[in-house]
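Worksheet for the structure shown next.
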Protein chains: 2
Amino acid sequence: MNIGDVAERSGLPAKTIRYYEDIGLIRPKRDANGYRAFDERDLHKLTFLARARALGFSIEDCRALLALYEDDSRASADVKRIAERHLAQIDAKIADLRAMRATLAHLVEACHGDDRPDCPILEDLGAGVRRDA
Amino acid sequence: MNIGDVAERSGLPAKTIRYYEDIGLIRPKRDANGYRAFDERDLHKLTFLARARALGFSIEDCRALLALYEDDSRASADVKRIAERHLAQIDAKIADLRAMRATLAHLVEACHGDDRPDCPILEDLGAGVRRDA
DNA sequence: CCTTGACCTTCCAGTAACTGGAACCATTAG
DNA sequence: CTAATGGTTCCAGTTACTGGAAGGTCAAGG
């Protein structure tokens, strides 16, 4: 398979696949003409990576997960640890975003949004500053 | 004020303040010795930026908001439009994260996490691949 | 045989918003 | 005089790609 084939089958852009080779996530063979020659195993790994990335795992997490995936004597605890850490990060991000969202929604609601200059959003952003200079 | 003073008062690292000058968000004067000389107006802007960034606005949004803030004849609708677009982006991000979280939480729960190799998390990630080669 | 088009290659640069570190200058206290 | 503190610039690295240029390869059509 050429890169276009695995790109289509894995759902990953060809550019991304080349990048994954660059950083050592995959090591496809090469044809005589220099083209990358992917086998089923490579495609499998790429699909694995696409799914893991879609779940928000970092590249380094993906590297670790892929290593565990290929290690038949792995402990599932190692996998679970990575996933739980990631889950905690997702929760933290969601909490951050919800806090932002709450404040921002409040401000947006308070802003009449017409052609007059007074605006609670800007007032809030500019608040908390000493004008005592 | 030197950069250390405004860093402390605005809550922004000095590095970040220099960066904000680099990209033209602020233009502090300079003392004879080359040190940046911040006035109250600069500090005010930095505080504004710190708050806007904390609400997740991009630097370019911050640049636009700051321009509106300084424009006495602005229309609040312009501000509101930026804020609403950002709010929509936050909502989209939260939705993405919640979807990830749901899938991941499910998998984590299913994984016993001991020293045995079988692991539903890896099974899921490796799923959807033809082994027909 | 030649051309056209699709596909492949490498390499360089840019994205967002900083952050770390090196090498060096200024100011002040002891 | 020296040491500590805090300022300066500039370069590189971070994350995970993405775009684009310049050029090689291959199959089909005339």
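Reminder, nothing fancy here: chain letters follow the sequence lines and each chain counts from 1. Since this is a predicted model, take the numbers as computed values, not measurements.
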Set of residues satisfying side chain to side chain donor-acceptor pair (under 3.5 Å) with respect to B:E109, sequence neighbours excluded: none
Pairwise distance OG1(B:T47) to CZ(B:R51) - rounded to 0.5 angstrom: 9.5 Å
Polar side-chain atom of B:R74 near backbone of B:Y69 as donor-acceptor pair, under 3.5 Å: yes
Axial bend angle, the helix from C:dC1-D:dG30 to C:dG30-D:dC1: five-pair end segments, nearest 10°: 30°
SB check A:K45 A:D42 (cutoff 4.0 Å): no
Nucleotides bounding contact with chain B, strand DNA chain C, heavy-atom threshold 4.0 Å: C:dA17 to C:dT27
Stepwise salt bridge (charged side-chain N to carboxylate O under 4.0 Å, His left out) test for B:R41 and B:D39: CA-CA 5 Å; B:R41 188 177 179 74; B:D39 56 23; over 6 Å; no
Donor-acceptor contact present, side-chain B:D31 to main-chain B:N33, <3.5 Å: no
Side-chain (B:R53) to main-chain (B:C62) donor-acceptor, under 3.5 angstrom: no
Rounded distance (nearest 0.5 Å) linking atom CG of A:L66 with atom OH of A:Y20: 11.0 Å
What pairs of nitrogen or oxygen atoms, one from the protein and one from nucleotides 12-16 of chain D, lie under 3.5 Å apart?
residue, atom, partner, partner atom, Å
D:dA16, OP1, A:I59, N, 3.4
D:dA16, O3', A:R53, NH2, 3.3

Pairwise side-chain contact, A:L122 with B:F48, heavy-atom cut-off 4.5 Å (strictly under): yes
Less than 3.5 Å apart, which donor and acceptor atoms pair up between the side chains of residues 98-108 of chain A and the rest of the protein, not counting sequence neighbours?
residue, atom, partner, partner atom, Å
A:R101, NH1, B:D91, OD1, 2.6
A:R101, NH1, B:D91, OD2, 2.7
A:T103, OG1, A:A99, O, 3.3

Within residues 22-38 of chain A, residues whose heavy atoms come under 4.0 Å of DNA chain D: A:N33, A:Y35
